[in-house]
Q: 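Just dropping this structure here.
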Protein chains: 2
Amino acid sequence: MSSEQLTRASVEEAHKLIKPFIHETPVLTSKTLDKIASTPRTAEELKGTEWEGQEPAKPVLRLHFKCENFQKIGAFKARGAFHAIEKLKQKPGWEEGGSERAKGVITHSSGNHASALALAATTSSIPAHIIMPTISSPLKIAATKSHHPTLVEVHYSGSTSTEREALTAEVQARTGAALIPPYDHPDIICGQGTAALELVSQVGSGPRQLNAIITPCGGGGLLAGTALACSSSPSSGSSPSSAPKILVFGSEPSHQGADDASRGFRSGSRIPTVSSLTIADGLRTPLGKLNWEIIYERRLVADIYPVTEDQIRSALRLVMERMKLVVEPSAVVPLAVALYNEEFRRLVEREGGAKGWDLGIIFSGGNVSVEGLSKIFV
Amino acid sequence: MSSEQLTRASVEEAHKLIKPFIHETPVLTSKTLDKIASTPRTAEELKGTEWEGQEPAKPVLRLHFKCENFQKIGAFKARGAFHAIEKLKQKPGWEEGGSERAKGVITHSSGNHASALALAATTSSIPAHIIMPTISSPLKIAATKSHHPTLVEVHYSGSTSTEREALTAEVQARTGAALIPPYDHPDIICGQGTAALELVSQVGSGPRQLNAIITPCGGGGLLAGTALACSSSPSSGSSPSSAPKILVFGSEPSHQGADDASRGFRSGSRIPTVSSLTIADGLRTPLGKLNWEIIYERRLVADIYPVTEDQIRSALRLVMERMKLVVEPSAVVPLAVALYNEEFRRLVEREGGAKGWDLGIIFSGGNVSVEGLSKIFV
């Protein structure tokens, strides 16, 4: 499928299909965080950054947090996985009792997509083969297995991507299971975009309208889906074309080159490999091909901003201590941009002026162990 | 004031007074935690406990969590503090511009009550003197000071209760400020009880009715207030007397004798001193006198159960990892009872039978630093 066929209507259709299976997660606000985000950084804070000695930006920000940490399996990935399964069920051989359906689905992931696909598949009594590296955390392995006592089969591979892909191919050849990749897939992208659809409508039902949404960017499924959801392409009707344009931004850790999308965005060509151990462990992946088309080639994303590990840590502390929410480090990367990236903050000052911006932030997930959190702050 | 004068109507009146100032915090549920709570503990798990070798209890529990971690200042203490201030404002000399009002209020606390009183007083432009031990965490001192740049004055005392009380008396004599103690006070008790009023009504507006509520118990303000809120005393009308009886339970850490209320409850006399360094740092206080009258002498609390430090840690892990919420260790003590105290679980099995119980749990607060959390789990 070409990316051109994907529009806002595709995301709206995805939403109709998955609504019975997912949570409409709450949108939370925090006066404390609005105040911090709307306070200019000090000269001291800008020391040692690329903005040292420059006039600090003075943005006015009202933040609206879409809490996908409360989503099923603890992350937005449930949306894409349920959508992929519902789309499969519309294909020949995938009806109840069908021969293809009995062969099941397969994916390789050590993270939230594995758990999401295991849940989505077994909810429709479809077998799920999950390839996970043997070094995966026991919590994640247990979470993946927990969805069904017999229909979920975990296959352990070595930790390199070559080993993982070899085992995936082997299991796929043996079982005939359908491959559902974690992000570079139209059904996954449209499923992930449904979080933004809800966010826009939830904020819009109050006195405010979103000016922009910023999401984390790893493989790019959530960012591309959000971009489609906010695009002005023909809609099936629920979002009138007269609605004001909502800008879409991405955010990434800069640690060890994990800002591949941001760098690709600036250079004009996709960077296909990443090798980073950023604490934002959901964002260690390079941008997918289809995702790149939507994000960059179709110009549906306005920009992508990087943040440092310390900025991620600092944003995570604020969310835990002030908002009382547990989110995973990847989830606070967009908030770190809003709080600490002067380039983004100047844009908000320039575009939003004294009235400021209502900014939607997608808290992508909350799957982190208390030991994992402890390691970040000790 | 005698405790006899306090009834459910007193809590309902308190609720009317403080409603403009507090959040109606959400009530959350978790299928995962219901499942864990409704699974009998294994023989292995009971090893080394007083229930070793006994048949594990088989309770059916549906848990309803009242999230006071989302309350203003991050804890239920805002309720009592606002109520105390609103009641003062009805007294002679406390009208706007009044001579008593100018003298302000005073309390000694290193915790949530200090922050709550500072917020409540300054919201009505009333000066607040807060006595805090010099060893208080910088986070708590900063939180207390943050409510107003000039009206909040923090006075630092030594860490013993003698030093603290001496300084309180000195500042009180010098300023004429009105003392608002943290729990042993009718206005505080009735304010804290409003959380339970909301919880009963929020759950009751759905398909379920609460059978019981369990709260943490330190000084006893929250527990006594909850007991009044659920008592069958004459009501002002919003809760018909035909409503089914809701049982009220307390919960405490057993570490180093912090289970003073539970032991007092069993022996029939209040234990006036506690010296414990339990991780549930909000529950290191002995039960107050007025609180004891309501809880024990008036028989408004059905029982109080102790839990161990490991059980508190384990409950905290579940709340953070499964519910994605940040709560302070004191807040999960009631959940630890529901999950791990076989005496309580047998009672639920016996009374609730196959239908089980809808149990309200008050998550009392969420004021804990990420460093504090890290220390608990490293």
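Order of the sequence lines sets the chain letters (A, B, ...), proteins ahead of strands, with each chain counted from 1. Since we're looking at a predicted model, the values are computed, not measured.
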Q: Quick one, E371(B) and E321(A) - any side-chain contact, counting heavy atoms below 4.5 Å?
A: yes

Q: Taking every heavy-atom pair that is under 4.5 Å apart, which of L316(B), N69(B), I376(B) has the most such pairs with chain A?
A: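 Highest number of pairs under 4.5 Å: N69(B).
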
Q: Among C67(B), S374(B), G74(B), G372(B), which residue forms the greatest number of heavy-atom pairs with chain A at distances under 4.5 Å?
A: S374(B)

Q: Under 3.5 Å, is there a donor-acceptor pair between the side chain of K324(B) and the main chain of G366(A)?
A: yes

Q: If I measure from the heavy atoms of chain B, does V319(A) come under 4.5 Å with its side chain, its backbone, both, or neither?
A: neither

Q: Are side-chain heavy atoms of F377(B) and V378(A) found at a separation under 4.5 Å?
A: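 They are not in side-chain contact.
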
Q: With a cut-off of 6.0 Å (strictly less than), are more than 12 heavy atoms of other residues, nucleotides or ligands near CZ of R322(B)?
A: no

Q: Under the side-chain contact (heavy atoms from CB on, under 4.5 Å) rule, what do M320(B) and L373(A) come out as? Steps first, then yes or no, please.
A: CA-CA 10 Å; M320(B) 293 185 63; L373(A) 286 171; 3.8 Å; yes

Q: Side chain, backbone, both or neither: which part of V368(B) has a non-hydrogen atom closer than 4.5 Å to chain A?
A: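 Interface part for V368(B): backbone (N, CA, C, O).
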
